[in-house]
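Throughout, numbering of the chain's residues begins at 1 and tracks the sequence.
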Amino acid sequence: MIMINAQLEKLWFACILLLAGTTAFAQTDSAYVRDNYTKIERLIPMRDGVKLFTAIYIPKNTSQQYPLLISRTPYTVSPYGEDKYKTSLGPSPQFIRDGFIFVYQDVRGKWMSEGEFVDVRPHLDKRSSKKDIDESTDTYDTIDWLVKNIKGNNGKAGIYGISYPGFYSTAALPGAHPALKAASPQAPVTDWFMGDDFHHNGAFMLADAFNFYSSFGVPRPKPITPDKGPKPFKHPIKDNYRFFLELGALPNVKTKYFGDTIKFWNDLMAHGTYDKFWQDRNIRPHLKNIKPAVMVVGGFFDAEDTYGALHTYQAIEKQNPGATNTLVMGPWFHGGWVRSKGDSFGDIRFKQETSTWYQQNVELPFFKQYLKDDGNAGLAEATIFVTGSNEWKKFSSWPPQGTAEKNLYFHAGGKLSFDKPAETASYDEYVSDPAAPVPYQAGVQEKRTREYMVDDQRFAARRPDVKVYQTDILTEDITLTGPLLAKLSVSTTGTDADYVVKLIDVYPEDTEEKAPEGKTALMNGYQMMVRGEIMRGKFRNSFEKPEAFVPGQVTAVNYTLPDVAHTFKKGHRIMIQVQNSWFPLVDRNPQKFMDIYQATDQDFQKATHRIYHDQQNASSLVLTVLQQ
């Protein structure tokens, strides 16, 4: 997630200013905001009487009218005080000089706004009274007040936001105010059980949930400013692998650290299946009859909300034929389209400033077209950056037309090919031990890094509990554009298991690629993770009704991995790694069918796993291959 306290917000602003290129230019931006905008602060009343704190930056030039550009956030609109200004305004520095009325609002129950905060507040399709509220009504009431009370507005409003603010942008769409003409949910929180932030396919994303809610989840009895708010949790052990391993089973979190103070942590522990609690927090079924133009933005290497961007776009597309709904996906980490130049990520170069290009050629033109009637952005249905070949492509649909599904089969001896296995009996066998789980990244880190999404996987390939399959050296380029489907034939001596599948681009040993400036990675033979995803095995047939494995019985575990856009270049290899833990990114599976949130330290057990690759029990990864 983003900006959980004032210190992180300052870091965010610093990253935005870096996009300006020089410190001098950043200082000019800061001065420009103060010299050219008047800041006012208002408590805007909602239909139930609750007032939401809102900071509004109005251009001093009154010779024209301006659209409203809104960001609703749980991460504070600081600095507070009408004499204290933000150093940059809008989605990116491109917007400051173009002229908008910039509106920042603390959502209900956060920071200086009144009311009770509810995480991913469920949307109400039906309301029993005029005072029933959700995030859609709060946005509607905010826009209605702004249009009627802020002089110099042109009657049009837009909304945008990254991550949690992305959710609020999505939530503005059902029953939108007539003045809302453009919305851009960016890496939007969308489904916290299926694929965003805190669960992936039912597997609990331990490090993120613990680190986020240890401060974000602290109760706020009354409106407060960040200087009086919660401080980040200080890990007593800086090595996050060791910290979470020594922490033990999940109930120990409350015993050792949280007590009963973190409400949403308690909710996480109480709702271990895709029950009504989680279903109510899925905004997608409500995205119908959408009127504003929508531009969904995401990063293929976003550790938090890749799922949200792809599935928000898909839900709007499916449920709103003819709506203006476009998708932009780049080679970015969480918010990287504004927090970096986008010319590299981790050890990987992209050979152009993808973020700068997006801001200038996509984002600003989108809002100018729909809020100012200024030009035609000319956006494609899907604007996609393909890594490997490092090029922007425009498609008329996503996934694009002109693709073919191809099975990449596992074979004995660690082989991988498009040919079906010929063996009548073949499998790999190994032991997975929860006492020594496979780390998600090499080295030692205090916090979960964002770079693990593309990091070298050679450290994992050396472990006996990670099975490795790779193709021969490719004789031609292969470009993947779309989802991946893992089709595993497996067995275990336990009654539950996690399965992690990683798609990897193996660089040639004689590669001429170099790591970005300041990086020391050896790129010869580099194993770049293109996509990794986990499946909690007990949910293989249903996320509502988990099922135990029968020990020793061959079982199909099929699940979808988030979309990719990547070219495996001629001379490279395609690799797949399979493992049963990904720690401490994901909590440990006891390998015993049970409610893991109630596990004890004694419940964790070793299990022997088999991955089958024969005629009757083939394992494969289904690729969406772009036809050249």
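Every residue meeting the side-chain hydrogen bond (donor to acceptor under 3.5 Å, both in side chains) condition with Thr312, not counting sequence neighbours, appears here in chain and number order: Thr190. Applying the ring pair (Phe, Tyr, Trp, His ring centres under 6.0 Å) rule to Tyr499 yields no partners; only residues at least two apart in sequence or on another chain are considered. Annotation: ring pair (Phe, Tyr, Trp, His ring centres under 6.0 Å) contacts of Phe301 (sequence neighbours excluded): none. Looking at residues two or more places apart in sequence or on another chain, you find a side-chain contact (heavy atoms from CB on, under 4.5 Å) between Lys487 and Asn407, Leu485, Asn558, Ser620, Val622. Applying the side-chain hydrogen bond (donor to acceptor under 3.5 Å, both in side chains) criterion to Lys502, with sequence neighbours excluded, gives Gln457, Gln577, Gln579. The side-chain hydrogen bond (donor to acceptor under 3.5 Å, both in side chains) search around Lys467 returns none, not counting sequence neighbours. Residues that satisfy the side-chain contact (heavy atoms from CB on, under 4.5 Å) test with Pro483, not counting sequence neighbours, are Pro399, Thr560, Asp563, Thr624. Residues satisfying the ring pair (Phe, Tyr, Trp, His ring centres under 6.0 Å) criterion with Phe300, sequence neighbours excluded, are absent altogether. Residues meeting the side-chain hydrogen bond (donor to acceptor under 3.5 Å, both in side chains) test with Tyr559, sequence neighbours left out: none.
A side-chain donor-acceptor contact under 3.5 Å links Ser169 to the backbone of Gly161. In this structure a side-chain-to-backbone donor-acceptor pair under 3.5 Å is present from Asp196 to Asp191.
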Ile384 vs Trp398, side chain to side chain contact (heavy atoms under 4.5 Å, CB included): CA-CA, chis, key distance, verdict: CA-CA 9 Å; Ile384 306 294; Trp398 186 262; 3.8 Å; yes
Trace of the side chain to side chain contact (heavy atoms under 4.5 Å, CB included) decision for Leu488 with Val501: CA-CA 10 Å; Leu488 304 179; Val501 173; 4.0 Å; yes
Derivation and outcome, salt bridge (charged side-chain N to carboxylate O under 4.0 Å, His left out), residues Asp587 and Arg536: CA-CA 11 Å; Asp587 71 317; Arg536 184 136 287 171; 2.9 Å; yes
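In this structure, His572 has its ring center no closer than 6.0 Å to that of Phe568. Ring pair Phe385/Tyr358: centre-to-centre distance not below 6.0 Å. Under the 6.0 Å cut-off for aromatic ring centres, Phe204 and Phe198 do not qualify, their centroids lying 6.0 Å or more apart. Taking the ring centroids of Phe264 and Phe216, they lie at or beyond the 6.0 Å cut-off. Trp192 has its ring centre no less than 6.0 Å from the ring centre of Trp278. Aromatic pair Tyr274/Phe539: ring centres not closer than 6.0 Å. The ring of Phe233 has its center closer than 6.0 angstrom to the ring center of His235.
Looking at Asp302 and Phe333, their side chains never come closer than 4.5 Å, going by heavy atoms from C-beta outward. Using a 4.5 Å cut-off on side-chain heavy atoms (C-beta onward), Arg450 and Phe345 make contact. Two residues are said to be in side-chain contact when any heavy atoms from C-beta on lie closer than 4.5 Å; Tyr526 and Thr511 fail this criterion. Phe258 has its side chain within reach of Ser214: a pair of non-hydrogen atoms, C-beta onward, lies under 4.5 Å apart. The shortest side-chain heavy-atom distance between Leu480 and Ile478 falls under the 4.5 Å cut-off. Side-chain atoms of Val564 and Leu484, non-hydrogen and from C-beta on, do get closer than 4.5 Å to each other. Side-chain atoms of Arg349 and Asp343, non-hydrogen and from C-beta on, never get closer than 4.5 Å to each other. Side-chain atoms of Val338 and Pro91, non-hydrogen and from C-beta on, never get closer than 4.5 Å to each other.
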Side-chain donor-acceptor contacts of residues 435-445 below 3.5 Å, not counting sequence neighbours, with atom names and distances?
residue: Tyr440; atom: OH; partner: Gln445; partner atom: OE1; Å: 3.4
residue: Tyr440; atom: OH; partner: Thr449; partner atom: N; Å: 3.3
residue: Gln441; atom: OE1; partner: Thr449; partner atom: OG1; Å: 2.7
residue: Gln441; atom: NE2; partner: Thr449; partner atom: OG1; Å: 3.0
residue: Gln441; atom: NE2; partner: Asp455; partner atom: OD2; Å: 2.4
residue: Gln445; atom: NE2; partner: Ala442; partner atom: O; Å: 2.6

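Of all the heavy atoms in Ser215 and Pro232, the pair that sits closest is CB-CA, 4.3 Å. The two residues Ala249 and Ala599 have their closest heavy-atom pair at CB-O, 3.3 Å. Smallest separation of non-hydrogen atoms from Phe244 and Ala207: CZ-CA, 3.9 Å. The shortest non-hydrogen separation linking Thr567 to Ser389 is OG1-OG, 3.3 Å. Contact between Trp392 and Thr354 at its shortest, heavy atoms only, is CZ2-O, 3.8 Å. The minimum heavy-atom distance linking Gly202 with Phe543 is given by the pair N-CE2, 4.1 Å.
For the salt bridge (Lys or Arg N to Asp or Glu O under 4.0 Å) condition, the pairs that include at least one residue of residues 232-256, sequence neighbours left out, are Lys238-Glu446, Arg242-Glu246, Lys254-Asp260. Applying the salt bridge (Lys or Arg N to Asp or Glu O under 4.0 Å) test to every pair with at least one member in residues 518-533, sequence neighbours left out, gives no pairs at all.
A salt bridge links Arg458 with Asp456; the closest basic N to acidic carboxylate O contact falls under 4.0 Å. Under a 4.0 Å N-O distance rule, the pair Glu391/Lys393 qualifies as a salt bridge. Look at Glu509 and Arg573 and you find no salt bridge, because none of the NZ, NE, NH1 or NH2 atoms lies under 4.0 Å from a carboxylate O.
Checked options Phe167, Tyr164, Phe117; the residue passing with Val107 is Phe117 (criterion: side chain to side chain contact (heavy atoms under 4.5 Å, CB included)).
Seen from the ring of Tyr104, Lys86 counts as a face-on cation partner, given the 6.0 Å and 45° thresholds.
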